[in-house]
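Each remark here refers to the structure printed beneath this line.
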Protein chains: 2
Amino acid sequence: MSGTPVSIQDLTKNQAMVFGALSTAEGPLSAYAILDRLRDQGFRAPPQVYRALEKLVEVGLVHRLESLNAFVACSHPACSGQATHGHEMIAFIICESCAKVTEINDSALADQLTHLARVQDFALRKTTVELRGLCRACSA
Amino acid sequence: MSGTPVSIQDLTKNQAMVFGALSTAEGPLSAYAILDRLRDQGFRAPPQVYRALEKLVEVGLVHRLESLNAFVACSHPACSGQATHGHEMIAFIICESCAKVTEINDSALADQLTHLARVQDFALRKTTVELRGLCRACSA
DNA sequence: ATGACACACGTTATATCGTTACGCAATGTG
DNA sequence: CACATTGCGTAACGATATAACGTGTGTCAT
């Protein structure tokens, strides 16, 4: 199991650069947006980005927003994918005007989702919860 | 408001064909899969499918699965987009093995999501809840 | 050491998903 | 009738994602 990184230290060069790009960004970035930001630093083709993203998502440092086909750095303070691990079960609140994304880890919600799956004998592997609309600032 | 269809009767020819394709299908279909199934019947290009899908989703006869980039016919018995309307707030349970999709309309979940949004003064417009894993049959 | 293997990476090409833009015909409304 | 609206057909393109292949580099059992 030496190939199981848990924190930023264990990232490869490309993974670190992609994570850096996402951390620096204000909001979510598409894979191609990441690619563009890293061209100066030697990135040339999509697979470089996608490979890094795959690992970062697996480890929990980055989340994929399905409804946006985009990615965000985990907002946990110094996140390293720990926390409520087992299943992530994070909800995202996404403003369609300013693109700001809020990450929410609500245990009541997690319980409900777990329950819904359990009732059907469904072996939950991954959950996607994304709430879209307008944030307070933008709906004012 | 004469342009607001509420049921299958009001669909145009293309919308009806796309809805038919989805209804006939066992599981979710991508837009291009729909296109392929309708080529015999005269469909030739993506916009024909996407335009029909846009309307069908708007009306609630069809749902988009964000995590699959695919579409399913609403499973409500003789669905016409009514029911808990206002916001849809439907959860989908998606088997990654057999691709079967179960539609769930859980009011506790809806309440919880509404609450999460409310706490942040977030004006909810659309929710995506997708649970992925293995259904009972497939995890046996 | 050396050969076998796994891993990260670079690169090209291709697959898949979705949209823009344009034109035309049918319909309905003043 | 003039004209707006709507649905439709088509071509071209843009955006997102993956396959496939090659290379170097480290580990490590032999």
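A, B, ... follow the sequence lines: proteins, then strands. Residue 1 opens every chain. Worth knowing before you read on, the calculation uses all heavy atoms, side chains too, and leaves out hydrogens, waters and symmetry mates. All of these numbers come straight from a predicted model, not from anything done at the bench.
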Lys/Arg-Asp/Glu bridge criterion (N-O < 4.0 Å) met for B:Glu66, A:Arg132: no
Closest-nucleotide 5' rank along DNA chain C - winner of B:Ala33 and A:Thr12: A:Thr12
Backbone of A:Leu38 reached by a side-chain donor or acceptor of A:Gln41 within 3.5 Å: no
Ring-on-base stacking C:dT19 with B:Tyr50 (under 5.5 Å, under 30°): no
Intermediate values then yes/no, side chain to side chain contact (heavy atoms under 4.5 Å, CB included), B:Phe43 and B:Ile34: CA-CA 9 Å; B:Phe43 272 54; B:Ile34 295 169; 5.9 Å; no
Candidate pair A:Val59 and A:Gln15, rule side chain to side chain contact (heavy atoms under 4.5 Å, CB included), full reasoning: CA-CA 11 Å; A:Val59 159; A:Gln15 287 160 16; over 6 Å; no
Between [N] ([atom2]) and [X] ([atom1]): distance, integer Å:
X	N	atom1	atom2	answer
A:Leu35	C:dT11	CG	C1'	13 Å
A:Glu54	C:dC7	CD	P	13 Å
A:Arg44	C:dC9	CZ	C1'	14 Å
A:Glu66	C:dC17	CD	P	13 Å
A:Asn14	C:dT11	CG	C1'	13 Å
B:Lys13	C:dA26	NZ	P	13 Å
B:Leu29	C:dC17	CG	C1'	14 Å
B:Arg51	C:dT20	CZ	P	12 Å

Heavy-atom side-chain contact between A:Asn69 and A:Ser30 under 4.5 Å: no
Gap between atom OG1 of B:Thr114 and atom CG of B:Leu109 - 0.5 Å precision: 9.0 Å
5'-most by nearest nucleotide on DNA chain D - A:Asn69 or B:Pro47: B:Pro47
Those residues that, when tested against B:Phe71, pass ring-ring contact (aromatic ring centres under 6.0 Å, His included) (two or more places apart): none
Positional range of nucleotides in DNA chain D within the contact set of chain B, heavy-atom, under 4.0 Å: D:dG7 to D:dA11
Any B:Ser30 side-chain nitrogen or oxygen under 4.0 Å from OP1 or OP2 of C:dC17: yes
